[in-house]
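The structure appears below as structure tokens.
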There are 2 protein chains.
Amino acid sequence: MATSCFAARLAKQVPLSDAEKTALARLEENPRKVKRGAMVQRVNDTVTELFVLREGRMMSFVIMPDGSRQILRVYFPGDFIGSASTIYSRAPESLIALTDAIICPFDKHALRRLLDESPRVAALLFLLSNAERVAMTDRLASLGRTSAKARVASFLLDMFDRIRVTDDAITDSFDLRLTQEEIGDSIGLTSVHVNRMIRQMEEEGLISRSNGRITLRDIARLEEIGHYTNRQKDMDLDWLPVG
Amino acid sequence: MATSCFAARLAKQVPLSDAEKTALARLEENPRKVKRGAMVQRVNDTVTELFVLREGRMMSFVIMPDGSRQILRVYFPGDFIGSASTIYSRAPESLIALTDAIICPFDKHALRRLLDESPRVAALLFLLSNAERVAMTDRLASLGRTSAKARVASFLLDMFDRIRVTDDAITDSFDLRLTQEEIGDSIGLTSVHVNRMIRQMEEEGLISRSNGRITLRDIARLEEIGHYTNRQKDMDLDWLPVG
DNA sequence: CGCTTTTTTGAAGTCGGTCAAGTTCCGTGG
DNA sequence: CCACGGAACTTGACCGACTTCAAAAAAGCG
């Protein structure tokens with residue numbers, strides 16, 4: 001049985017039964033390629049689909065009335081995308097591919113079947129959703145109460161840790177694959193100021209860059225500057241019903 | 001059978017079977033009074049409990065290293081509090097009572113039992129959690145990409161709509177029960193600037209105030225200024241498995 | 001190799017912060 | 001019921017972090 005991308009991700013948190021893996025694999029039966037820059041979902045579109053991102057990177061965002069953009073989330077392989085459509089009939093956010101990507105769309109009725117058949121998976125999804133909520137509150141505190149430099153630092157660390165979840169080979173450097181404008185739109189700054197902060201952090205020896213690749217040279221101090229905490233560490237899912 | 005506070009809230013979204021109501025009621029078997037200002041949970045505390053807020057108001061927040069505070073969420077009766085402890089063994093945020101309140105703590109093992117017995121309730125919790133996530137992204141966009149005035153406007157509208165969920169009597173005015181400093185700590189401003197904005201909105205006839213009570217005088221324009229959308233409206237839960 | 005996109009840099013402007021000093025509100029106890 | 005004291009609100013002057021505008025340099029791409 002081919003383990004699905006999403007199941008592989010979940011299995012890192014908690015052991016899954018074969019039946020559960022099979023059920024999860026069914027969500028990924030219809031892989032679809034999307035080109036870099038392709039708009040997968042537009043705000044206010046009627047939506048009934050969710051996605052598992054199998055390959056590449058995507059992001060969700062909204063455009064404000066003055067034309068400025070707020071990037072809400074960057075997605076990596078194994079991420080579960082578009083859970084908002086489980087409750088809303090219209091998309092609250094747009095969805096675009098940052099790189100060429102492979103997504104696996106599935107209907108919310110397929111999700112319903114999964115929830116029916118696999119209560120434990122339902123519980124897991126609930127937990128993952130709570131983890132997202134916590135990540136969101138971290139960003140909220142970052143936007144609301146920290147300086148530009150702190151935001152850039154914690155943003156880089158967050159990307160770093162997210163990429164590392166699926167790629168064990170990474171130790172201190174990674175491909176961000178985001179323009180400085182996109183970074184700014186994620187953390188509520190202008191690209192100009194993002195540039196100044198990155199440049200400053202480079203001069204201070206906190207990070208270094210070469211053709212799009214970022215190396216974190218002093219993670220401890222970056223964490224301090226960004227008031228960042230990696231939450232992966234003290235996850236505790238032992239209390240879950242056993243499969 | 002006494003319908004629980006939380007069940008009543010859920011039942012507004014989707015019909016619940018008696019069995020489900022009973023199961024939910026068990027979460028509220030141990031009501032506990034807390035005084036205004038009481039700290040119910042402190043950041044980094046070991047946590048195993050969740051809460052249903054039955055009466056009063058509470059809030060969650062974090063304190064940044066420089067002493068500033070970011071309020072993450074204000075809770076109203078019927079809200080489900082502390083879902084972070086379903087995944088993290090240490091509290092990522094503090095929890096304090098804004099008014100005298102009644103909370104119903106329950107252990108995460110009680111939640112586990114509920115998820116086991118009632119897959120449909122598990123699904124509902126998953127959906128509610130997704131709704132929270134969307135509300136969070138709205139705030140993120142507000143903090144990241146809108147002016148001080150817009151943030152105050154959308155904050156007031158958000159409180160208004162949340163209070164209205166449980167109190168049908170409300171048409172255009174409500175008790176905020178938050179100081180201007182608390183408002184500022186919610187939306188990333190200083191109390192001084194919150195005051196300036198509120199005052200300005202009062203002069204423009206957008207709102208009015210009398211002994212702590214806020215009246216929204218021009219909701220349409222407030223929504224425009226705050227780039228606010230009430231998401232309650234286009235919720236769609238019809239596709240859920242039937243009880 | 002030419003064209004677009006992205007990064008970099010500088011100068012000037014502004015929104016919201018900081019500081020500080022009233023003023024009003026409100027709960028408490030006499 | 002009033003006096004007192006602390007918390008919350010209000011106001012003004014000044015400041016600075018980040019934005020805006022603009023333009024050049026560098027990098028990526030077909």
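- In this structure, CD1 of A/I198 is placed 12 Å from P of C/dT9, rounded to the nearest angstrom.
- Between A/V192 and A/R145, the one whose closest nucleotide on DNA chain C sits nearer the 5' end is A/V192.
- In this structure, B/R36 atom CZ and D/dA7 atom C1' are separated by 10 Å, rounded to whole Å.
- If you take CG of A/D175 and P of D/dG28, they are 11 Å apart, rounded to a whole angstrom.
- Nearest-nucleotide positions on DNA chain D for A/V194 and A/G212 put A/V194 closer to the 5' end.
- In this entry the distance linking CD of A/E181 with P of D/dC21 reads 14 Å, nearest Å.
- Between B/R57 and B/L176, the shortest heavy-atom contact is NH1-O, 3.0 Å.
- Note on B/R199: every side-chain N or O is 4.0 Å or more away from OP1 and OP2 of D/dC9.
- Among the heavy atoms of the strands lying under 4.0 Å from A/S147 are primed sugar atoms or P, OP1, OP2 only; no base atom is included.
- If you take CG of A/L189 and P of D/dT20, they are 11 Å apart, rounded to a whole angstrom.
- Within 4.0 Å (heavy atoms only), B/G188 reaches sugar-phosphate atoms of the nucleic acid but no base atom.
- Close to D/dT10, at under 4.0 Å from its OP1 or OP2, lies a side-chain N or O of B/N195.
- Distances shown here put every side-chain N or O of B/T179 at or beyond 4.0 Å from the OP1 or OP2 atom of D/dA8.
- Rounded to whole Å, atom P of D/dC9 lies 16 Å from atom NE2 of B/H193.
- Among the protein residues, A/R209 comes within range of the sugar-phosphate backbone only, with heavy atoms under 4.0 Å from sugar or phosphate atoms but none that close to a base.
- Residue A/T190 places no side-chain N or O under 4.0 Å from the OP1 or OP2 atom of D/dC18.
- Between A/R196 and A/E202, the residue anchored closer to the 5' end of DNA chain C is A/E202, taking for each the nucleotide with the nearest heavy atom.
- For the pair A/L189 and A/V194, the tightest heavy-atom approach, listed with the atom from each and the gap, is CB-CG2, 4.0 Å.
- Residues B/L206 and B/K149 come closest through the heavy atom pair CD1-CE, 4.4 Å.
- When rounded to the nearest whole Å, the span between CG of A/L143 and P of D/dC18 equals 12 Å.
- If you take CG of B/D185 and C1' of C/dG16, they are 15 Å apart, rounded to a whole angstrom.
- For the pair B/Q180 and D/dA7, the criterion of a side-chain N or O lying under 4.0 Å from OP1 or OP2 is not met.
- Counting heavy atoms from C-beta outward, A/T215 and A/R209 have side chains that stay 4.5 Å or more apart.
- Between A/F174 and A/F160, the angle of the ring planes lies from 30° to 60°, which puts this pair in the tilted group.
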